[in-house]
Number of protein chains: 2
Amino acid sequence: MPFTYEHPHPAVATDIAVFTLRRGALHVLLIERGAEPFRGAWALPGGFLQPDEELDDCARRELMEETGVAAELLLPVANFSAPGRDPRERVISVAYLALLPSDELKLQADTDAAQAKWFPLAELPKLAFDHGAILARALDTLSAHARQVSPLFALLPPRFTLSQLQGAYEAVTGDDAEKRNFRKMVATLGCVRETEDFAHGSHRPARLYEAAA
Amino acid sequence: MPFTYEHPHPAVATDIAVFTLRRGALHVLLIERGAEPFRGAWALPGGFLQPDEELDDCARRELMEETGVAAELLLPVANFSAPGRDPRERVISVAYLALLPSDELKLQADTDAAQAKWFPLAELPKLAFDHGAILARALDTLSAHARQVSPLFALLPPRFTLSQLQGAYEAVTGDDAEKRNFRKMVATLGCVRETEDFAHGSHRPARLYEAAA
DNA sequence: ACCACTTAGTGTCGTCAATACACGAACATG
DNA sequence: CATGTTCGTGTATTGACGACACTAAGTGGT
């Protein structure tokens, strides 16, 4: 006897708040919806769970499909399950946040999205569905994780200067860190290893570091 | 035109790891399954999401239905989405942990459960589905939260002694705290307020405290 | 009434992490 | 070669954390 469906089956989707650092400021990736509901509105990228797919994989796949990039870091944020949050039908949204190094910026909208674009957090448009709330939760989660420093590596190139790392820390947490204390903290954490190379910019070169172990 | 179901719709359930403190040791509440699959095996309480019900409410409802108690504290743990985790069909499990004060122990099994019983963590039976993994994650989550101290209030009566609080802290985190340092930490956190009353036991009475603000 | 026992409650010191603060070094540019 | 800008470092002070031993207050038994 086949299993009978005794329980309601909601749709399940992942939504991803993708962050990157551009000119020292945190930006979030939004897509303009190409279909109803909320056609023309901006929304977080995301999509429905496929059969035989884990939730994490769904988030990675959607990210790849909608932006063409692989997430460096993918962290769970929360579930959103308010009954009316999607006007079509019951949709449970599993929210993630992803961090990308600022280089990979080849955005390519797919069929569901009219366009994809980076927005600085200070200039957010009104978002579709409850995506404003999801984004706010994602920012909280990100800020909490960033205090461990090592999640920030996902925002930076493989080798980076301590000034870059501190800039990322400040942009994400909002805190202002004192340079010498920040360097001592990083040294105590032991999460970076110094390399023999230096970044040559327009002034004194800065030593390059990489993620430890 | 009604919305058409373009995406697979998995079942969605909540599973709850319910903890309490009995004789100073952390216990978890398990039910013996009364139906296939895993009939006769022990499992975490939980059940399927109802229409128009938030995930949190589902967890609270299942807890009330299966044990007759209202959760003092309900915290999200993680989602479990491995495709084969339920042999019947695709089920996404949203895991929560709940804390109960040790008094409320009127366990009443419902139709789905042959019986409900508290198990000390040292004497766990083999669990149905992937509930062993869920429980392990719940314990990690609990231990992390317990370092903030205030979640522990949910394990204690409304007024409690500092020794009780420390006992809960040690049982949950596994750490051994030094009495004077623990008291200093609690004072620094400011999360308790002393009352004018004392607990009279078999020796010197201990001042009762309550959750602050 | 007294004693023995058990738990409650407190103060100090050493160590270490977090904060604040100012200057010389290295390179690019004009 | 002078100037400007970023890189990079040492020290003193404070507050948290960990280890440590004793007195205080009640119960229970004799």
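The model shown is predicted, which means the values in this text are computed figures rather than measured ones. Throughout, a chain's letter reflects where its sequence line sits, starting with A, and its residues are numbered from 1.
- Side-chain contact between R147(B) and T173(B) is present, with heavy atoms from C-beta onward closer than 4.5 Å.
- A donor N or O paired with an acceptor N or O is found under 3.5 Å between the base of dA8(C) and the side-chain atoms of R204(B).
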Nucleotide N/O to protein N/O under 3.5 Å, stretch nucleotides 9-11 of chain D:
| from | atom 1 | to | atom 2 | distance (Å) |
| --- | --- | --- | --- | --- |
| dT11(D) | O4 | K184(A) | NZ | 2.9 |

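- Checked by distance alone, H203(B) brings no side-chain donor or acceptor within 3.5 Å of a matching partner on the base of dG28(D).
- Distances shown here put every side-chain N or O of S202(B) at or beyond 4.0 Å from the OP1 or OP2 atom of dT6(C).
- Residues R61(A) and E53(A) are paired through a salt bridge, judged by an N-O separation under 4.0 Å between the basic side chain and the carboxylate.
- Looking at S143(B), its side chain never comes within 3.5 Å of a backbone N or O of L139(B) through a donor-acceptor pair.
- Across dA28(C), dT6(C), dG8(D), the shortest atom-to-atom separation from the side chain of H200(A) is found for dA28(C).
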Table of protein N/O atoms under 3.5 Å from nucleotides 14-16 of chain D N/O atoms:
none

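- Taking the six-membered ring where the residue is Trp, the centroids of F153(A) and F160(A) are separated by under 6.0 Å.
- The residue T161(B) sits apart from the nucleic acid: no heavy atom pair falls under 4.0 Å.
- A donor and an acceptor atom, one from each side chain of D175(B) and Y169(B), are nowhere located under 3.5 Å apart.
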